[in-house]
There are 2 protein chains.
Amino acid sequence: MPDINKYKERLTELRERVTYTGKTLLERSRKWRCFSTKPPSNCDVVVTFERDTREEQVEWLSNRIQARIPELIFTKTFHRGTQRIALYLTCSFKDLLKGAQEVRLRKRLIADLGEELQEFCIEDCENFEGVFDQEKFFTSKERQTIVRYYLMSLRAMAGDAWDDHTQFSHGQAIMPVLLAKGKIASIFPLHDREALMDLQQSWVRGFTHRQPLDAVAEYFGVKIALYFAWLGHYTTFLLAPAIFGLFSWFLVSTTKQGALYYPVLAFFTMVWAVFFQEAWKRTNNYYTHRWGTLDKSPSLLEEPRPLFRGALEPNPITGRLEPFYPRWKRNLIVCFVTIPITLICLIIIVGVAVGHLKLQELAEDKFTNSSIPGAKMIVHIPMILYAVNIAILNEVYRKIAVKLTELENHRLNESYNQALISKLILFQFINAFYASFYIAFYRLDLDLLRNHLVTMLVTRQITGNIKEIFLPMGQTRIKQVLLTLRTDGLPTLKKDESPVPGLNEEESETLDPDSPARKISDVKITRVEQEEIMPVYDDATEDYLEMFIQFGFVSMFTCAFPICGLLAFLNNILEIRSDAFKLLTNFQRPFAENANGIGVWEQAFEIVSYVAIAVNVGLIGVSGSIQTIIPGLTSYQNILILVAIEHILFALRFGLSHIIPPIPLALERSIAILEHKRREALKTLQREERKEARRISDENCEQDYPSDVTSDIDSH
Amino acid sequence: MPDINKYKERLTELRERVTYTGKTLLERSRKWRCFSTKPPSNCDVVVTFERDTREEQVEWLSNRIQARIPELIFTKTFHRGTQRIALYLTCSFKDLLKGAQEVRLRKRLIADLGEELQEFCIEDCENFEGVFDQEKFFTSKERQTIVRYYLMSLRAMAGDAWDDHTQFSHGQAIMPVLLAKGKIASIFPLHDREALMDLQQSWVRGFTHRQPLDAVAEYFGVKIALYFAWLGHYTTFLLAPAIFGLFSWFLVSTTKQGALYYPVLAFFTMVWAVFFQEAWKRTNNYYTHRWGTLDKSPSLLEEPRPLFRGALEPNPITGRLEPFYPRWKRNLIVCFVTIPITLICLIIIVGVAVGHLKLQELAEDKFTNSSIPGAKMIVHIPMILYAVNIAILNEVYRKIAVKLTELENHRLNESYNQALISKLILFQFINAFYASFYIAFYRLDLDLLRNHLVTMLVTRQITGNIKEIFLPMGQTRIKQVLLTLRTDGLPTLKKDESPVPGLNEEESETLDPDSPARKISDVKITRVEQEEIMPVYDDATEDYLEMFIQFGFVSMFTCAFPICGLLAFLNNILEIRSDAFKLLTNFQRPFAENANGIGVWEQAFEIVSYVAIAVNVGLIGVSGSIQTIIPGLTSYQNILILVAIEHILFALRFGLSHIIPPIPLALERSIAILEHKRREALKTLQREERKEARRISDENCEQDYPSDVTSDIDSH
């Protein structure tokens, strides 16, 4: 190997750097008391405090961090614009390496070892690609993950207290509690301007290209990248109903015998939905394998949610004391609290919807043809009332759902989210479709339904996009302007009122004119402050929800309104870019999260596609196409035929979904090989352990040992 | 440790035994040419040949076995009674140990190491409990498994041929081919009389005890034990509908308002079916964990079916050349051959059934009240015709199903069986229920349905038990009598016609008067011959099928005929013992097979429980109970309500099945721990490998190496 000298040089270099960085950063970290509003060049995560936080409190926290998590290097800063104290956190390279091992970060091995993704390990760090390049070895995403990991691992000791109302029990995680109680305003990672620019170019403006999903996964993490992968997959699949729907639309319009196409369209939509969903499972596995998250560690290894309650017990794997909550208790709560309350809520919502519809009918009957001036306006009152009601109900229901899900006390963030989302889905589903169902199955008016669908789809899509892009954009703008006014010395800020006396305001205003913050905006607020005032991107739930409702329209109403697919397709081409745009420009950078799938959404889409079968068959019934095809049927016979068709479609749907294998063969094989290697490895290790134990017990006896027995057995 | 001397003594003992046994058995195996009809005391597996097999052919096979699988020790014997040549096979203890390692047999570790089940390994064999007890270390089941493994691994070389029609390609497995072509009549393991007696006592006669499932698993293997575990679970669960049904039956009979109970019964049955099935998943996991088969190796490690075809490719795990057949081809065959042909078959079957019913009706109309003499008899002709038709169709369909499944070319025995069983289920389902459906939903005559159900259930159960116990028993008896006549020197056997000249008939008749064979039966045939003429127990498919049909009756018709559950319960208490009895006395011992569940039956029962919801709702409709409860409904409204009820029940069924966790918590944890250990073990090994690779590359360069870098990084 000719590289061996270079390799050794690098090792020495690494050694020096690690020592050097360790020392200097440690020195710097001791000087943290001199405030600086200038963000350190290597700030990864920012913590901001509630506005009326006293300096002693920040001091208290800083001391705790310094004493218990010496890996964290932080700078205390006062944000003049937002009037908040902030901590800018980072780690030395050495500690990043250590953290990478603790969070089981997967890094790529060097080329000689096959470039596989492997959990990083300090002991043989030189086998990982690029470990000698201190600047580039960790991506910004990875640095932030590690820094957050350190920050979140800060645990209280007995007697620790933030204020009189916020006291900690021994071993409690401090940061999540302060965050949940609002003492800490936000913890967020910083955007990487360069990477943002690249993504802007290749993703938002790249209409003609495939999405740069690898780059997205690298910047935002696998969970968000999976949403976009899914969105791309769904949009591609929408092409089929778009074309087929357009085609049938022409046929229906020209032949005037539309009813005949209903069964064909219903069948087509059912088959399409199956293939879309089953194909997604394959795509999902392809991407998660590529990004190294398909293979999931046992969930017992994951940190429990900070708010998870239970008696402390040692974790059976790690041995660490952790809260434990019996599963049967959760199940009891689900059965006897969650389900009844949710049902009651849904009944109320359905009641309100029905009430609104009745009111609407009444108003239309009375006032549409009335000659009283202003009567036309009264017709719209129920609609407005309903909109208000729904907005209130939505808020109330969301609060109830959160409370219920908290009561269920899920151990993992993931299962908490799934439980919450599945409750929200129910509400949104009723809310989105009650009117369509009413028109289709109560009024039995398919023309009105078509009109309604056009309105709904188009308005939903337009308002959705506006809400998504312009609302947060506007919010941020307004906040920025307000901030600028404030920092420009308006009377709102009196120097005496500064919550942290002694802040060097001189320094906070001497911004380097060449800094990116200055270039990006002309106001005198720093880049960090700009990001601080941006809204938080919780997760892709809202985006999924939007697509979920859209999928509902496409799968349920295509046969009454074949153009659905086309509208959805056109919308989604834009949606991909607008979702990307908003993520890149409107929101704080989210912490990267891993995922091995789209979670509860997979089931949600599957259930809707079963509901869609029933709705489609119902629409066939309403259209009377069976009676058109077979004249002379009684309505009783008609219904029997419809029920039969529905059941056959259910059975077909069920059967079809089992034909497509969810994992590509090559992937299945590589998973099997890995699994096999693990089994063999454990056996080998256990065997060696047993040998070792035997050897020790033999040595203790100090007698000679017939060691050739096993070899005798072995050699046949 | 005070045991250390004893332990060393044992080791020396083991060493001597292994060497000794190896030599003597090897010596004996060289003397295999002298024939002996006396079964060797340690015969594990018997191979019998087709009657007109020539001695050269047996010689040819013997030579191949001796040369290629030297582990097998065999004795050639001539069975006078059945006129077949037989090979009695066994292995030396040493080779059993070797085989145990190769088949990855799981054995228990010694108490010091926690008594866990671990794959046996010669290298540290002394860590396994009881390895020094040569007689008892392997159970008869395990010995047979290993001997069969050796026997089946006999592979052909280029040019090998049994006769002109049976030639082998290089690497082909010889025994499965000979077995499939009928050249070898049977390969079967021998019963263990002692264990049989114990089981007879504790299992068949133990009406008041729980089934001794551990002993069953040890004797017959996990797959069969799981059937009995399932049967016990099902029978226990039948108590609920038995009691509830009896109760409702009284209410229905006394109040004369039976229709009102239909919805309650339908709901109850649905809930019962879910809990029965979900609870089984837990029980299943409990038992398979206990018996060490829950944790399944990747299926790529399993041997492909001998008749699996495909281009030879290296197995990605073992590297061994194996046939490979692309999955998409199989899927294409399933979609475009299997499904259409199966559908056509089912349509024909339904056609025949409908034709029969029409004929029956016609005959009843014409002849029941006719005065022509013998007209009463004519009424029964359609029934007889149908019985004949169905018997023929059943045979034809079964053949088609086997052909189709062979065409699908499944790699594993398990998936082959699943594909075949799912086809057979369809046929049996239609066959069992067409008449009930006809009476319920076409004739709409619930009283007739009840009569029909009683007849069906009772006759099915009685004939089923007779067929199961007395038929094979009678067959065996008759064969035994025939054999006895033959061996007693009736003219059917001329000495010149003896197919293997030179057989020492003197010896074959000098049976030890104290041998078990003599005691058990007074005829002059050996124990092995007695077992040879017994029918083969394929697997539990027929038994499952019987229970499947019974479950269909209980879940679908309980609401029309609440006593179903009671009848089924009473039958099954007997069924458990009669199935056990037949397995212990009527059949050849089957080779033990592993399984981690009841396979395709789980899905079959699940699908039936969905179908049952539809049937129950249909019966509610037929009974008119909705109209009784809500008077004044039009038939149109009635149907809408029924469809709504059905959909709600579907949704509830789906929801409920997700609430009960399929794995008990403790089990889930131990699985997670194992999984974690495997992952960590692989990581450790890989890290060590990398270190080793580095060390070697460093040594090659012969330069000094800054080894303290990593330790520097590690010590923070």
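Letters go in sequence order (proteins before strands), and every chain restarts at 1. Please read these numbers as outputs of a predicted model, since none were measured by experiment. Atoms considered below: every heavy atom in the structure, side chains included; atoms not considered: hydrogens, waters and symmetry mates.
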Segment of [X] engaging chain B (4.5 angstrom heavy-atom cut-off):
| X | answer |
| --- | --- |
| A:Ile339 | side chain |
| A:Leu109 | side chain |
| A:Glu689 | neither |
| A:Ser670 | neither |
| A:Ile659 | both |

From [X] atom [atom1] to [Y] atom [atom2], the distance as rounded to the nearest 0.5 Å:
| X | Y | atom1 | atom2 | result |
| --- | --- | --- | --- | --- |
| B:Tyr610 | A:Phe654 | OH | CZ | 8.0 Å |
| B:Leu685 | A:Glu688 | CG | CD | 7.0 Å |
| B:Arg327 | A:Leu665 | CZ | CG | 5.0 Å |
| B:Arg690 | A:Asp112 | CZ | CG | 12.5 Å |
| B:Glu680 | A:Leu301 | CD | CG | 7.5 Å |

task: For each of A:Leu640, A:Leu674, A:Asp295, A:Asn638, tally heavy-atom pairs with chain B at distances under 4.5 Å, and name the one with the top tally.
output: A:Asp295

- line: Whatever's closer than 4.5 Å to a heavy atom in chain A on B:Ser299 counts as neither

- prompt: Side chain, backbone, both or neither: which part of B:Ile607 has a heavy atom under 4.5 Å from chain A?
  reply: side chain

Min side-chain heavy-atom separation [X]-[Y] under 4.5 Å:
| X | Y | answer |
| --- | --- | --- |
| B:Asn331 | A:Pro661 | yes |
| A:Ser635 | B:Ile639 | no |
| B:Lys683 | A:Arg104 | yes |
| A:His676 | B:Leu300 | no |

message: Applying the side-chain hydrogen bond (donor to acceptor under 3.5 Å, both in side chains) criterion to A:Gln686, which one of B:Lys677, B:Glu119, B:Gln118 satisfies it?
response: B:Gln118

message: Taking 4.5 Å as the heavy-atom cut-off, does anything in residues 641-648 of chain B contact chain A, and if so which residues?
response: B:Val643, B:Glu646, B:His647

Minimal non-hydrogen separation, A:Lys296 against B:Arg679, with atom names: O-NH2, 2.8 Å

- request: Work out which heavy atom in A:Pro298 is nearest to a heavy atom in B:Ala672; give both atom names and the distance.
  value: CG-O, 3.6 Å

